[in-house]
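For the numbers below, each heavy atom of this structure counts, side chains included, while hydrogens, waters and symmetry mates do not.
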Amino acid sequence: MELYQSQNLKIHNSLSGKKELFKPLNEGRIGMYVCGPTVYSNVHLGNCRTFMSFDMIFRYFKHLGYKVRYVRNITDAGHLVDDGDDGEDKIAKKARLEQLEPMEVVQRYTIDFHNILQKFNFLPPSIEPTATGHIIEQIEIVKDILDKGYAYEKNGSVYFDVAKFNETNDYGKLSGRKLEDMIANTRQLTAQNEKKNPQDFALWKRAEPQHIMRWPSPWGDGFPGWHLECTAMSTKYLGETFDIHGGGMDLKFPHHECEIAQAEASYGQSPVRYWMHANMLTMNGKKMAKSTGNNILPGEIFTGENSILSKAFSPSAVRFFMMQAHYTSILDLSNDALLASEKGYHRLMEALDILSSIVPKGVSDFDVQAWKKTCYDAMNDDFNTPILIAKIFDAVKFINLLKDGEKWINASDLKELQNTLNAFVFDVLGLVDKSDNADDSDKLSGVVNLLIELRKEARDNKDFETSDKIRNQLDALGIQLKDGKEGTTFSLS
RNA sequence: GGCAUCGUGGCCGAGUGGCUAGGCGCAGCUCUGCAAAAGCUUGUACAGCGGUUCGAAUCCGCUCGAUGCCUCCA
């Protein structure tokens with residue numbers, strides 16, 4: 001029996017606005033699609049938060065024993081720079097500015113994306129398809145939508161006819177908008193374009209002569225509209241209807257709304273059963289975005305080379321910080337918040353370390369089964385990682401009392417506690433034990449331990465001048481000595 | 001202007017009609033030659049004003065404020 005059979009997982013469905021009991025289309029299997037990045041610049045921390053939320057969700061599904069097909073795309077064409085469908089392709093623009101082939105831009109930033117995600121300990125998705133790899137599929141969908149009368153061609157471009165679609169379907173149901181309101185609130189566009197209505201969006205765009213990224217189509221050379229790739233790829237790998245579609249909150253409109261429209265127009269059914277949206281990461285109270293410059297790159301956090309934070313933070317510390325907030329809440333990044341999370345993260349890792357050396361004894365003072373259930377309850381309530389972490393800290397406190405000999409635990413409970421903590425901390429939250437990436441070589445620890453020994457001799461002789469000199473100079477080198485009951489240990493800061 | 005979300009103690013952040021998370025900081029204590037580290041203990045709260053209720057921070061209304069989307073963005 002798989003774990004999921006005994007758990008009632010509830011998911012906040014953006015489409016209904018409610019928490020719903022999760023039941024996959026096919027027992028034991030989950031299809032999940034998440035909108036990936038447009039690879040025209042370095043991935044910033046806000047992007048990472050969204051992908052981290054879905055990484056945690058992916059991990060919990062796997063932990064529950066589901067077989068998950070997780071598709072996360074790479075947008076390498078079709079995403080326009082500005083004003084609706086009139087702008088330049090983002091990739092093409094960057095290529096022009098940097099005098100590179102578009103595919104050089106794509107390659108460079110795809111590699112950056114993967115590097116950063118690896119540092120954050122993300123699990124790779126099952127499939128990572130690209131827009132340019134699915135041009136044929138996209139053209140087929142455009143043809144289909146044209147055939148069904150929900151699109152029109154104009155000068156080599158094809159647009160989705162939102163008004164027509166809205167006669168029979170509900171355009172705006174995901175984002176809570178009404179087409180009439182949108183029409184009423186449309187700003188006057190200075191440049192009149194080919195669209196019948198401003199709400200219409202491009203399925204296929206004609207390529208101007210200077211446009212490098214172009215593919216032949218029944219309507220002439222062009223390139224696909226941004227919304228189309230996700231419909232093409234999600235359908236191809238997950239079917240016309242699948243379980244979960246995720247992405248950042250800012251994609252809700254228009255991107256996801258348009259995906260729904262495309263799929264309903266083409267396949268006659270709503271494509272997604274559970275829509276999930278991860279909320280924004282802000283910095284100084286403002287949304288982080290590439291376009292506004294209010295952002296920080298993950299690499300700058302790991303190295304400390306930035307003007308916003310007082311020091312460098314490890315990927316796990318940042319991950320822990322993000323996991324302390326619910327994925328549907330706005331999270332504000334600040335130096336103080338990161339410092340606080342880093343300390344908490346270290347405390348957690350210390351406790352796990354202590355737990356591995358605890359000797360079982362006597363009758364347990366801790367109801368491991370009841371505690372374990374509260375951990376699952378937290379996760380089953382729409383992936384409430386902040387509550388899970390609070391529960392984990394209940395265990396941390398107990399572990400510290402075990403160490404002090406004030407509480408006891410029997411052998412089977414100890415094993416259960418260890419297994420459960422490892423599962424949630426490492427498998428589900430995706431944290432990494434800090435000792436795994438510590439660079440203290442055997443030689444270094446040999447040298448420091450020798451100094452610790454010398455210092456102890458000096459202290460035993462009450463030669464505090466010598467002992468303090470050793471301590472202070474090591475500290476200046478970034479090696480901190482910690483005097484405990486069982487002797488002195490050290491850590492690198 | 002329209003739509004939406006939110007406003008929780010020094011900071012970050014959960015949650016909920018009555019049992020009032022958690023992390024960090026502060027304070028006290030233990031340990032220590034001193035310090036650091038570590039551990040233990042522990043206050044302080046639900047933007048404002050009305051209303052519903054036996055009871056609201058939690059529901060309703062209004063006011064103020066913030067943010068997001070409405071135009072590229074995770």
Side-chain angles (χ1 to χ4, degrees), chain A residues 17 34-38 40-41 43-54 79-88 90 93 172 175-178 181-182 184-187 189 198 226 246-255 277-282 285-292 295 320-321 324-326 328-348 350-351 354 374 378 381 384-394 396-397 400-401 403-404 406 459 462-464 467-468 471-472 475 480-485 488-491:
Chain A
V34 172
C35 292
T38 303
Y40 69 101
S41 65
V43 64
H44 72 71
L45 197 64
N47 295 311
C48 291
R49 187 193 179 199
T50 296
F51 301 131
M52 191 181 290
S53 296
F54 288 102
H79 202 160
L80 303 177
V81 170
D82 53 31
D83 198 31
D85 303 308
D86 298 326
E88 191 175 2
K90 286 193 173 195
K93 181 183 179 191
S175 52
R177 288 154 211 258
K178 290 191 177 2
D181 295 343
M182 284 185 246
N185 290 308
T186 300
R187 295 176 206 168
L189 295 173
W226 173 39
M249 197 72 94
D250 50 353
L251 296 185
K252 214 171 181 180
F253 189 90
H255 185 54
H277 289 98
N279 218 324
M280 299 293 103
L281 180 70
T282 59
K286 294 278 182 193
K287 180 184 168 184
M288 243 187 227
K290 295 176 199 175
S291 54
T292 60
N295 72 74
F320 184 79
F321 162 70
Q324 276 188 302
H326 190 86
T328 58
S329 297
I330 292 171
L331 173 63
D332 193 49
L333 180 90
S334 67
N335 197 53
D336 286 351
L338 274 177
L339 283 171
S341 289
E342 185 183 51
K343 285 212 171 189
Y345 163 67
H346 285 317
R347 188 164 162 237
L348 171 59
E350 292 279 326
I354 291 164
T374 63
D381 185 15
N384 199 323
T385 52
I387 295 281
L388 172 67
I389 289 172
K391 297 303 172 192
I392 287 172
F393 273 97
D394 287 345
V396 167
K397 183 172 272 189
N400 287 323
L401 290 169
K403 185 192 70 171
D404 295 346
E406 291 184 30
R459 290 176 73 198
K462 301 217 184 296
D463 178 7
F464 297 125
S467 71
D468 287 355
R471 182 175 72 194
N472 295 340
D475 190 55
Q480 187 188 34
L481 298 188
K482 300 176 185 177
D483 294 329
K485 224 168 189 173
T488 303
T489 57
F490 73 95
S491 68

With distance as the sole test, does A:Ser329 use its side chain to make a donor-acceptor pair with the main-chain N or O of A:Ala325 at under 3.5 Å? no

I'd like the C1' distance from B:A57 over to B:G13, given in whole Å. 16 Å

In terms of the nearest nucleotide of RNA chain B, which residue is placed more toward the 5' end: A:Gly247 or A:Phe393? A:Phe393

Could you state the atom-to-atom distance from CG of A:Asp336 to P of B:G13 in whole Å? 12 Å

Taking every non-hydrogen atom, the tightest pair across A:Met249 and A:Met280: N-CE, 3.4 Å

Residue pair A:Phe490 / A:Lys482, side-chain heavy-atom distance below 4.5 Å: no

Short question: side chain of A:Asn384, backbone of A:Ile387 - any donor-acceptor pair under 3.5 Å? yes

Measure from NZ on A:Lys252 to P on B:C72 and round the result to the nearest Å. 18 Å

Hey, are A:Thr385 and A:Gln324 close enough side-chain-wise for a donor-acceptor pair under 3.5 Å? no

Can you check the distance between B:G9 and B:U44, where both ends of the measurement are the P atom (answer in whole Å)? 14 Å

Which is more 5' along RNA chain B, the nucleotide nearest A:Gly248 or the one nearest A:Gln324? Just name the residue. A:Gln324

Give A:Ala325 one of three labels, base, sugar-phosphate or nothing, depending on what nucleic acid heavy atoms sit under 4.0 Å from its own. sugar-phosphate

Atom of A:Thr50, atom of A:Gly248 and distance for their closest heavy-atom approach: CG2-N, 3.7 Å

List the atom of A:Asp332, the atom of A:Phe321, and the distance in Å for their closest heavy-atom pair. O-CZ, 3.7 Å

Looking for any heavy atom pair under 4.0 Å, which part of the strands does A:Gly176 touch: base, sugar-phosphate only, or nothing? sugar-phosphate

If I pick the C1' atom on B:U30 and the same atom on B:A36, what distance separates them, to the nearest angstrom? 15 Å

In 5'-to-3' order, the base (B), backbone-only (S) or no-contact (-) status of each nucleotide in nucleotides 31-41 of chain B, using a 4.0 angstrom heavy-atom cut-off, is -SBBBBBSSSS

Whole-Å distance separating the CG atom of A:Asp332 from the C1' atom of B:U5: 15 Å

In whole Å, measure the gap between the C1' atoms of B:C24 and B:A14 for me. 15 Å

Apply side-chain contact (heavy atoms from CB on, under 4.5 Å) to the pair A:Asn400 and A:Ile354, showing each step before the final yes or no. CA-CA 8 Å; A:Asn400 287 323; A:Ile354 291 164; 3.7 Å; yes

Heavy-atom pair with the smallest gap, counting every atom of A:Asn279 and A:Thr328: ND2-O, 2.8 Å

Donor-acceptor pair, distance only, cut-off 3.5 Å: does the side chain of A:Thr282 make one with the backbone of A:Leu331? yes

Rounded to whole Å, please give me the gap between CZ in A:Phe321 and C1' in B:G22. 15 Å

Presence of salt bridge, A:Arg459 and A:Asp468, under 4.0 angstrom: no

Looking only at heavy atoms, the pair that brings A:Phe393 and A:Gly344 closest together is CZ-O, 3.3 Å

So which protein N/O to nucleotides 66-69 of chain B N/O distances come out below 3.5 Å?
{"from": "B:U67", "atom 1": "OP1", "to": "A:Lys286", "atom 2": "NZ", "distance (Å)": "2.7"}
{"from": "B:G68", "atom 1": "OP1", "to": "A:Lys287", "atom 2": "N", "distance (Å)": "3.2"}
{"from": "B:C69", "atom 1": "OP1", "to": "A:Lys287", "atom 2": "NZ", "distance (Å)": "2.4"}
{"from": "B:C69", "atom 1": "O2'", "to": "A:Arg177", "atom 2": "NH2", "distance (Å)": "2.7"}

Provide the distance between the two C1' atoms, one in B:A66 and one in B:A47, to the nearest whole Å. 11 Å

Provide the distance between the two P atoms, one in B:G23 and one in B:U41, to the nearest whole Å. 10 Å

Taking both distances under 3.5 Å as the test for a Watson-Crick or G-U pair, what stems of at least three pairs does RNA chain B have? B:1-7 with B:64-70, B:10-12 with B:22-24, B:27-30 with B:38-41, B:47-51 with B:59-63

Expressed as a whole number of angstroms, how long is the span from A:Lys391:NZ to B:A21:C1'? 7 Å

Between A:Leu331 (CG) and B:A14 (C1'), how many Å, whole number? 13 Å

Regarding A:Leu281, tell me which of base, sugar-phosphate or nothing describes its non-hydrogen contacts under 4.0 Å with the strands shown. base

With C1' as the reference atom in both, quote the distance from B:C59 to B:U52 in angstrom, rounded to an integer. 8 Å

P atom, B:U67 versus B:C12: distance in rounded Å? 15 Å

Does any non-hydrogen side-chain atom of A:Leu45 lie less than 4.5 Å from one of A:Leu281? yes

In whole angstroms, the gap separating P of B:G22 from CZ of A:Phe320 amounts to 14 Å

What is the distance from CG of A:Leu338 to P of B:G13, rounded to the nearest Å? 11 Å

Would you tell me if any nitrogen or oxygen in the side chain of A:Ser341 comes within less than 4.0 Å of OP1 or OP2 on B:C12? no

